[in-house]
Protein chains: 2
Amino acid sequence: MPAALDLAFAALADPTRRRIVSRLTRGEARVTDLAQPFHMSLNAVSKHVKVLERAGLVRRERLGREHYLHLRAAPLREVARWTSRYERFWNQRLDALEQFLAESKEASDD
Amino acid sequence: MPAALDLAFAALADPTRRRIVSRLTRGEARVTDLAQPFHMSLNAVSKHVKVLERAGLVRRERLGREHYLHLRAAPLREVARWTSRYERFWNQRLDALEQFLAESKEASDD
DNA sequence: GTATTATTCAACCATAAGGTTGAATGTCGA
DNA sequence: TCGACATTCAACCTTATGGTTGAATAATAC
């Protein structure tokens, strides 16, 4: 099995799955509930949930025929931890080349 | 083309590419330099670089026959921004089910 | 000028992703 | 008991991924 970070990043690379994660911050939901806003089959959403589950981002609680999905944010913390190592590079000023490109764009763009 | 976040998350889902990003924090490097630590063909690394480039995580500066790759951390900031929306869920105490599971594991595991 | 170096392009392969449809499983409600 | 509901499983399709090898391109070194 791929490493935890691999699974987390890959799971979050799909917009449908990011919306599901977002949705789950408002509380548990069944697969059917999660599927409701999407223009795709229930089966497709069920697969997305499984990907999130494998990445540890979702926990499933079976109650009779209904499965209640809960957010598990721990993997998100790992993603954030990895990402934050690059924080000091975010605010670096644009280097000469990028400035040049930005300026020519300004000049030709209006 | 997929959305920026899609590309960034997907690019970071591969451990080789995460190591390349990490390597580039120590300064620019050529494709050959980047490939050196990996047990894979130069071509494979060249493809990884292209994925990072498409995600905006790497900028390429051609100087003669050599291509110098630079880190561009902006997409990482977007990833961090998205992820941090879930910060308040990270430290949530384990819920009843997880506690139960953790405890039965402890009890049966030694 | 010719060989060497740096890199990409192109074709190929195996496997995974994201979707579909249709059938199976299991639970609830009357 | 029987039908409806919630969900998954299985098979399939198309496209993407991550790797390979071999050839092409372009710049440098001698």
Side-chain angles (χ1 to χ4, degrees), chain A residues 1-24 27-70 75 97, chain B residues 1-24 27-70 75 97:
Chain A
M1 177 145 76
L5 259 188
D6 296 21
L7 293 173
F9 273 116
L12 296 172
D14 184 280
T16 301
R17 288 194 293 263
R18 286 200 305 278
R19 281 186 60 193
I20 290 177
V21 165
S22 168
R23 165 60 237 270
L24 288 177
E28 63 180 13
R30 299 171 308 152
V31 180
T32 314
D33 302 330
L34 292 178
Q36 191 272 321
F38 297 108
H39 297 153
M40 70 180 68
S41 73
L42 187 66
N43 261 352
V45 173
S46 170
K47 278 191 181 183
H48 280 304
V49 169
K50 226 172 310 174
V51 171
L52 290 168
E53 219 181 347
R54 191 162 110 95
L57 283 158
V58 150
R59 180 172 46 75
R60 184 188 304 258
E61 194 174 354
R62 267 164 268 249
L63 281 187
R65 63 185 164 182
E66 299 175 323
H67 298 202
Y68 287 92
L69 290 324
H70 303 255
L97 176 60
Chain B
M1 177 144 77
L5 260 187
D6 296 21
L7 293 172
F9 273 115
L12 297 172
D14 184 279
T16 301
R17 288 193 293 262
R18 287 199 305 278
R19 282 186 59 194
I20 291 177
V21 165
S22 169
R23 164 59 239 271
L24 288 178
E28 64 179 13
R30 300 170 308 151
V31 180
T32 313
D33 302 330
L34 292 178
Q36 191 272 321
F38 296 108
H39 298 153
M40 71 181 67
S41 72
L42 186 67
N43 262 353
V45 174
S46 170
K47 277 191 181 184
H48 281 305
V49 168
K50 226 173 309 174
V51 171
L52 290 167
E53 218 181 347
R54 191 162 108 97
L57 283 158
V58 149
R59 181 170 44 75
R60 183 188 303 258
E61 194 174 352
R62 266 163 268 248
L63 281 186
R65 62 182 166 184
E66 300 175 322
H67 297 201
Y68 287 93
L69 288 326
H70 303 255
L97 176 61

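A quick note: this is a predicted structure, and the numbers were derived from the prediction, not measured.
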- Query: Ignoring hydrogens and angles, are the base of D/dG19 and the side chain of B/Asp14 linked by a donor-acceptor pair under 3.5 Å?
  - Reply: no
- Test for a donor-acceptor pair under 3.5 Å between the base of C/dT7 and the side chain of B/Asn43, counting only N and O atoms. no
[X] side-chain proximity, nearest of [options]:
X: B/His48; options: C/dT7, D/dG18, C/dT20; result: D/dG18
X: A/Leu42; options: D/dT7, C/dG18, C/dT8; result: D/dT7
X: B/Arg30; options: D/dG22, C/dA6, D/dG19; result: C/dA6
X: B/Lys50; options: D/dG19, D/dT7, C/dC9; result: C/dC9
X: B/Arg65; options: C/dT20, D/dT8, C/dT4; result: C/dT4

Separation of [N] [atom2] from [X] [atom1] (nearest whole Å):
X: B/Lys47; N: C/dT7; atom1: NZ; atom2: C1'; value: 15 Å
X: B/Arg62; N: C/dT5; atom1: CZ; atom2: P; value: 22 Å
X: B/Leu69; N: C/dT7; atom1: CG; atom2: C1'; value: 11 Å

- Query: Is any NZ, NE, NH1 or NH2 atom of the basic residue among B/Asp6 and A/Arg18 found under 4.0 Å from an Asp or Glu carboxylate oxygen of the other?
  - Reply: yes
- Message: Closest-nucleotide mapping onto DNA chain C: is A/Glu66 or A/Ala13 further toward the 5' terminus? I mean the 5' end.
- Response: A/Ala13
- Message: Return whichever of B/Tyr68 or A/Val51 has its heavy-atom-nearest nucleotide of DNA chain C closer to the 5' end.
- Response: B/Tyr68
